[in-house]
Number of protein chains: 2
Amino acid sequence: MPEVKSSVSGGGERASGYWYGPDGSDASAVDVLNLLRRYREAETAMRGRVRGDMGMGEKDIVALRYLLEARTRNAVLRQKDLAARLDITNASASSLVDRLVRHGFARRVPHPGDRRSVAVEATDQGDREVRETLRNMHDRMYQVVNEMSPDERATVAAFLSAMTRSLTDRCPE
Amino acid sequence: MPEVKSSVSGGGERASGYWYGPDGSDASAVDVLNLLRRYREAETAMRGRVRGDMGMGEKDIVALRYLLEARTRNAVLRQKDLAARLDITNASASSLVDRLVRHGFARRVPHPGDRRSVAVEATDQGDREVRETLRNMHDRMYQVVNEMSPDERATVAAFLSAMTRSLTDRCPE
DNA sequence: GTTTCATTGTTAGGTTGTCTAACTATTAAT
DNA sequence: ATTAATAGTTAGACAACCTAACAATGAAAC
């Protein structure tokens, strides 16, 4: 059974500020949106801490995680791929990889089969550092979800999908 | 009943990449985490679009939203307050307000009762612009949550609270 | 009331991370 | 063989943050 305690139906704290219902408005709906915002803020803060701890920028960390994920799949990532996934230019990706290499988190290796390209690999150090930094957090998150019932997971999944669609469906006009 | 369709129990698309279960691992739990990540990415992308549309930086928009929220409460925000909420220095807040003023989104007014402080107010133009830009999106999000059952809202609220705790409980170590 | 310390905001100068534009090296197409 | 497209690098500009030093006001001590 999920150990998660609802802070809406159950607990006290009312997610404060920011959202305020369009009209008369069901308070608990607003609460949910405020909680979503809170989660976002917590994640942003966490990224800030990690950034501080590892002395890296925002995208550098995301890039490193892509590299690690690729490594587990024995896949090869080029700078181009990083640029695409991070939505930055090739030029920026180039200096991003410069930074990763300078810090010892990644390595440039010749790309097999296309001599224009440079394959980028995470180093063991990068692997270690990221895992150590994020492992516990990931474990906690996984555990929370794992302890939920299938129905609850379906509800949450539907919620997240719908929220994502709300954001994706082109916001202004 | 909620019109939201679960993409886990229901639909096809399997939230791809990134998360991969610690061990053997219940796939749908991983799906939920991937959906959470997707939501994050969608929100980041949305902010990017808004930023582009309005020609402002990330924090500028958040600041403007704080100002608008304060306005609806007839509250007075000082630059200090903005700096605190945005986690930037007073110096940065100063130039942030410079930018808002330059773009016509905010106004510096003498603070009633403390001549050191400068109160910052959103202008009507700032109000209009933000509302027009974000209104539809907010409405869509609100609608989704409003159409959920109380039980579903409680489940989602518990999930978000637990995820936030997972992030907040100090990540490394 | 004057001296002293704390608070708020500004300015100057530096760093970082992005961008565009111009260039090289390789690959693919005609 | 020439031409066009792709991958990466470099140089230079810009935006937004930072720290440090400063001015002005407020509060507290004496």
Side-chain angles (χ1 to χ4, degrees), chain A residues 44-45 47-67 70 75-103 105-121, chain B residues 44-45 47-67 70 75-103 105-121:
Chain A
T44 301
R47 281 169 192 268
R49 286 198 304 270
V50 171
R51 210 182 48 175
D53 290 349
M54 299 184 57
M56 308 169 70
E58 185 85 14
K59 308 224 174 190
D60 301 54
I61 290 174
V62 179
L64 187 46
R65 302 200 354 186
Y66 281 133
L67 291 178
V76 175
L77 280 189
R78 299 162 299 167
Q79 293 191 180
K80 186 77 191 301
D81 301 320
L82 285 179
R85 293 215 207 180
L86 297 169
D87 197 32
I88 58 178
T89 61
N90 287 353
S92 300
S94 189
S95 59
L96 184 153
V97 173
D98 281 348
R99 292 194 296 273
L100 290 181
V101 169
R102 200 181 324 124
H103 287 79
F105 294 135
R107 187 174 33 235
R108 279 187 173 92
V109 298
H111 189 285
D114 187 343
R115 269 176 298 184
R116 287 172 304 182
S117 298
V118 177
V120 185
E121 281 180 357
Chain B
T44 300
R47 280 170 193 268
R49 287 198 301 269
V50 171
R51 208 182 50 175
D53 288 349
M54 298 183 57
M56 308 169 69
E58 184 84 15
K59 309 224 174 194
D60 301 53
I61 290 175
V62 179
L64 187 46
R65 299 191 6 177
Y66 281 133
L67 291 178
V76 175
L77 280 188
R78 300 162 300 166
Q79 293 191 178
K80 186 78 193 300
D81 302 319
L82 285 178
R85 293 216 208 179
L86 298 170
D87 197 32
I88 57 179
T89 61
N90 286 352
S92 300
S94 190
S95 58
L96 184 153
V97 174
D98 280 348
R99 290 194 297 273
L100 289 182
V101 170
R102 201 180 322 126
H103 286 80
F105 295 136
R107 186 173 36 235
R108 281 188 174 91
V109 298
H111 188 284
D114 188 344
R115 269 175 298 182
R116 287 173 304 182
S117 298
V118 178
V120 185
E121 281 180 357

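Computed from a predicted structure; not experimentally measured. Chain identifiers are assigned alphabetically (A, B, ...) following the order of the sequence lines, protein sequences preceding nucleic acid strands; residue numbering begins at 1 within each chain.
- The CZ atom of A:Arg51 sits 11 Å away from the P atom of D:dC17 (whole-angstrom rounding).
- Of the side-chain N and O atoms in A:Arg99, one or more sit less than 4.0 angstrom from OP1 or OP2 of C:dT18.
- Contact annotation: B:Ser117 side-chain N/O to C:dT8 OP1/OP2 distance is not under 4.0 Å.
- Residue A:Ser94 places at least one side-chain N or O closer than 4.0 Å to OP1 or OP2 of D:dT9.
- In this structure, A:Asp87 atom CG and C:dG17 atom P are separated by 17 Å, rounded to whole Å.
- More than 12 heavy atoms of other residues, nucleotides or ligands sit less than 6.0 Å from atom CZ of B:Arg85.
- Distances shorter than 4.0 Å separate some side-chain N or O of A:Arg108 from OP1 or OP2 on D:dT9.
- Atom CZ in B:Arg116 sits about 17 Å away from atom P in C:dC5, given to the nearest Å.
- Position along DNA chain C of the nearest nucleotide to B:Ala93 versus A:Asp60 favours B:Ala93 as the more 5'-ward residue.
- The CG atom of A:Leu77 sits 9.0 Å away from atom NE2 of A:His111, with the distance rounded to the nearest 0.5 Å.
- At D:dC18, one or more side-chain N or O atoms of B:Ser92 fall inside 4.0 Å of OP1 or OP2 (strictly under the cut-off).
- For the OP1/OP2 pair of D:dG26 and a distance below 4.0 Å, the side-chain nitrogens and oxygens of B:Arg115 include at least one atom meeting the criterion.
- When each of D:dA20, C:dT8, C:dC19 is scored by its nearest atom to the side-chain atoms of B:Lys80, the top-ranked nucleotide is C:dT8.
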task = With side chain to side chain contact (heavy atoms under 4.5 Å, CB included) as the test, would you mind laying out the steps for A:Asp81 and A:Tyr66 before giving the verdict?
result = CA-CA 10 Å; A:Asp81 301 320; A:Tyr66 281 133; over 6 Å; no

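- Rounded to an integer number of Å, the gap from B:Arg102 CZ to C:dT10 P is 13 Å.
- B:Ser95 comes within 4.0 angstrom of nothing in the nucleic acid, heavy atoms only.
- Note: CG (B:Asp114) to P (C:dA6) measures 17 Å, nearest angstrom.
- For the pair A:Arg78 and D:dG8, the criterion of a side-chain N or O lying under 4.0 Å from OP1 or OP2 is not met.
- Rounded to an integer number of Å, the gap from A:His111 NE2 to C:dT27 P is 11 Å.
- If you take CD on B:Gln79 and OG on B:Ser92, they are separated by 11.0 Å, rounding to the nearest 0.5 Å.
- If you take CG of B:Leu86 and P of C:dG9, they are 13 Å apart, rounded to a whole angstrom.
- Atom CD1 of A:Ile61 is separated from atom C1' of C:dG17 by 14 Å (rounded to the nearest Å).
- Comparing A:Ala91 and A:Met56 along DNA chain C, the residue whose closest nucleotide (by nearest heavy atom) sits nearer the 5' end is A:Met56.
- Looking at A:Met56 and A:Val50, their side chains never come closer than 4.5 Å, going by heavy atoms from C-beta outward.
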